[in-house]
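For the numbers below, each heavy atom of this structure counts, side chains included, while hydrogens, waters and symmetry mates do not.
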Amino acid sequence: MTETSDTRSAAGEAQEAPRSRLQRLMRYIPLIAPVLLWAVPCWVLLHTGQRWPLPVTLIGTALSVLGLAGMPLAMVRGHGRRQLDRAAIVGDTLLGCVWVLFTWSVLLGVLLRLALTVGGVGDGQDRARIVTWAVLGVAAVLLSWGYAEARRVPRVRRLDVELPRLGAGLDGTRVVLITDTHYGPLDRARWSARVCETVNTLEADLVCHTGDIADGTAERRRAQATPLGTVQATRARVYVTGNHEYYSEAQGWVDLMGELGWEPLRNRHLLLERGGDTLVVAGVDDVTAESSGMSGHRADLAGALHGADPDDPVLLLAHQPKFIDRAAAHGIDLQLSGHTHGGQIWPFHYLVRLDQPAVAGLSGHDARTLLYTSRGTGFWGPPFRVFAPSEITLLVLRSPRRSG
């Protein structure tokens with residue numbers, strides 16, 4: 001028995017060692033990442049054989065140093081205690097620009113240079129300069145396109161979702177999902193109104209908002225959020241909190257949404273009935289709620305389902321896709337989530353997958369549980385969307401027992 005305990009203890013210590021090393025490494029990422037984001041493009045575009053005139057090299061390097069110093073400072077002033085919108089806009093825009101520049105400096109810096117070398121194009125200086133102009137050109141095009149994508153009214157994405165337990169009376173139920181509107185430093189009140197106008201053309205039975213309404217308090221972003229009061233649904237408009245509400249006085253957002261006519265589903269449910277059949281529509285607080293320190297805020301799925309008939313199908317609103325493990329354990333039929341933004345700026349979705357089980361679209365989990373993850377209706381931080389378009393989602397629920 002002693003030997004077994006010692007063996008387990010040794011194995012446990014062996015597992016803990018890599019974890020603790022990884023945790024220590026993670027602490028330094030906020031310091032390392034900005035340096036890499038600015039240093040790599042600077043090196044690739046200016047110092048890998050281009051032999052630019054000295055003034056060009058000095059100016060380019062100086063701009064990189066200013067970006068490295070200014071971006072974190074602007075983001076701290078914009079998203080920290082001071083909440084200065086202008087600083088947030090500068091910091092967020094710089095972050096988006098340098099992420100795109102970093103990505104394509106790495107990709108084209110390697111692949112294009114290799115292709116030019118294999119093809120025997122020019123000498124070393126010519127190839128280096130071609131890479132520089134190619135990277136700058138691609139980055140400029142993607143940033144211009146990405147800005148337009150972020151600021152436009154999202155396209156409607158429609159799909160039929162069959163729920164095996166859904167009664168025939170509820171076949172064809174139209175559920176519209178908006179999420180991650182992230183009203184923030186850039187005033188998007190007109191955009192918000194146009195989004196709501198688009199939602200109203202979809203003739204929804206149920207309209208859902210799965211959180212991250214804004215960056216900032218309800219009082220501060222009220223003008224941008226007010227158009228949500230014009231959204232129309234034949235049955236209900238329901239809302240659950242996201243993690244960003246807990247950075248900005250979540251209860252204020254819960255109160256404002258109630259004032260605008262939405263039903264905050266804070267660990268509770270309502271029933272949608274038609275043709276003798278029932279759908280349970282439940283919602284939970286975001287998984288970060290409990291650690292926020294706000295009294296009464298936590299994700300409680302058992303509480304949300306309390307009193308519901310276990311034979312009725314359940315549509316669950318939960319901000320983060322990773323709540324799907326708990327949803328599947330409770331036999332939920334369909335979970336609607338946001339949070340991921342589909343990665344927002346390619347290839348950031350690869351990092352999102354480290355934290356979430358799904359990035360976008362419909363996916364199956366366990367025997368009967370489905371998860372739909374929206375790419376989001378707005379954007380967070382950098383005002384760009386690259387290869388991750390925003391969406392307003394129309395889900396038409398289907399019953400296997402429908403007539404015809």
Side-chain angles (χ1 to χ4, degrees), residues 154 175-184 188 192 195-196 199 206-218 220-222 224-225 227-229 231 233 236-270 281-292 294 296-301 304 315-324 326-327 332 334-342 344 352 355-360 371-381 390-393 395:
V175 179
V176 171
L177 171 62
I178 58 176
T179 183
D180 299 275
T181 42
H182 283 286
Y183 303 126
R188 284 178 287 155
S192 178
V195 166
C196 295
V199 169
L206 181 71
V207 180
C208 309
H209 194 306
T210 53
D212 279 8
I213 295 177
D215 296 298
T217 64
R220 191 171 187 184
R221 307 300 183 202
R222 173 182 285 268
Q224 295 183 57
L228 291 173
V231 169
R237 297 173 293 170
V238 292
Y239 155 73
V240 294
T241 57
N243 57 304
H244 278 250
E245 276 85 332
Y246 292 98
Y247 308 147
S248 307
E249 301 175 8
Q251 189 58 49
W253 281 109
V254 172
D255 295 341
L256 178 57
M257 290 298 278
E259 179 185 324
L260 295 174
W262 292 68
E263 293 196 44
L265 293 182
R266 297 199 50 247
N267 304 319
R268 53 181 288 267
H269 70 270
L270 54 80
V281 181
V284 292
D285 291 341
D286 184 62
V287 293
T288 61
E290 191 166 3
S291 62
S292 71
M294 294 193 66
H297 286 254
R298 65 190 180 97
D300 180 7
L301 182 53
L315 171 66
L316 174 69
L317 276 60
H319 178 64
Q320 299 196 40
K322 64 184 177 184
F323 197 80
I324 193 64
R326 289 185 240 182
I332 299 300
L334 174 61
Q335 174 179 314
L336 302 184
S337 298
H339 185 68
T340 68
H341 300 201
Q344 187 164 319
V352 175
D355 183 55
Q356 301 291 336
V359 175
L371 165 67
Y372 185 80
T373 306
S374 169
R375 290 187 298 254
T377 310
F379 61 87
W380 175 84
S390 56
E391 64 179 82
I392 296 169
T393 317
L395 301 105

ask   = So do the side chains of V231 and V176 get within less than 4.5 Å of each other, counting heavy atoms only?
value = no
By side-chain contact (heavy atoms from CB on, under 4.5 Å), A250 pairs with (sequence neighbours left out) E245, Y246, M294, H297
Hits for salt bridge (charged side-chain N to carboxylate O under 4.0 Å, His left out) against R266, two or more places apart or cross-chain, chain-then-number order -> D285
Sequence neighbours excluded, the answer for side-chain contact (heavy atoms from CB on, under 4.5 Å) partners of E259 is R222, L256
**Asked** Do the non-hydrogen side-chain atoms of V240 and V284 ever get within less than 4.5 Å of each other?
**Response** no
Minimal heavy-atom distance between D180 and G376, with the atoms involved, is CB-CA, 4.2 Å
Problem - R298 CZ: over 12 foreign heavy atoms closer than 6.0 Å - result: no
Contacts of H339 meeting ring pair (Phe, Tyr, Trp, His ring centres under 6.0 Å) (sequence neighbours excluded), chain-then-number -> H319
d(T340 OG1, D355 CG) to nearest 0.5 Å is 10.5 Å
For D255, the side-chain contact (heavy atoms from CB on, under 4.5 Å) test, sequence neighbours excluded, returns Q251
| field | Beyond-backbone contact of F379 with R188, side-chain heavy atoms, under 4.5 angstrom | value | yes
Any heavy-atom pair between the side chains of D215 and W380 that's under 4.5 Å?
yes
Are V175 and L336 packed together at the side-chain level, in the sense that at least one heavy-atom pair is separated by less than 4.5 angstrom?
yes
Sorted by chain and residue number, the salt bridge (charged side-chain N to carboxylate O under 4.0 Å, His left out) partners of R375 (sequence neighbours excluded) come out as E391
Do Y183 and L228 come within less than 4.5 Å of each other through their side chains, counting heavy atoms only?
-> yes
Should L206 and L315 count as side-chain neighbours, where that means a heavy-atom distance under 4.5 Å?
yes
Checklist entry - Okay, side chain of R237, backbone of G229: is any donor-acceptor separation there less than 3.5 Å? => result yes
So CD1 of I332 and CG of L371: to nearest 0.5 Å the spacing works out to 12.0 Å
* Is the backbone N or O of T179 less than 3.5 Å from a side-chain atom of T210, with the two atoms forming a donor-acceptor pair by type? -> no
Backbone N/O of N243 and side chain of D212: donor-acceptor pair under 3.5 Å
yes
For A225 and W253 the tightest heavy-atom approach is CB-CZ3, 3.7 Å
Across all chains, not counting sequence neighbours, the side chain to side chain donor-acceptor pair (under 3.5 Å) partners of Q335 are S337
With sequence neighbours left out, the residues meeting side-chain contact (heavy atoms from CB on, under 4.5 Å) with S390 are R152, P154, R385
Across all chains, not counting sequence neighbours, the side chain to side chain donor-acceptor pair (under 3.5 Å) partners of T288 are D286
Rounded to the nearest 0.5 angstrom, the CD1-OG distance for I213 and S248 is 10.5 Å
Sequence neighbours excluded, the answer for ring pair (Phe, Tyr, Trp, His ring centres under 6.0 Å) partners of H209 is none
Closest non-hydrogen contact found for P321 with T373 is CG-CG2, 3.7 Å
Side chain to side chain donor-acceptor pair (under 3.5 Å) filter on E263, not counting sequence neighbours, yields none
### Message
Between Q320 (side chain only) and Q356 (backbone N and O only), is there a donor and an acceptor less than 3.5 Å apart?
### Response
no
TODO: Would you check if Y239 and L317 make a side-chain contact, meaning some heavy-atom pair closer than 4.5 Å?
DONE: no
Across all chains, not counting sequence neighbours, the side chain to side chain donor-acceptor pair (under 3.5 Å) partners of S374 are none
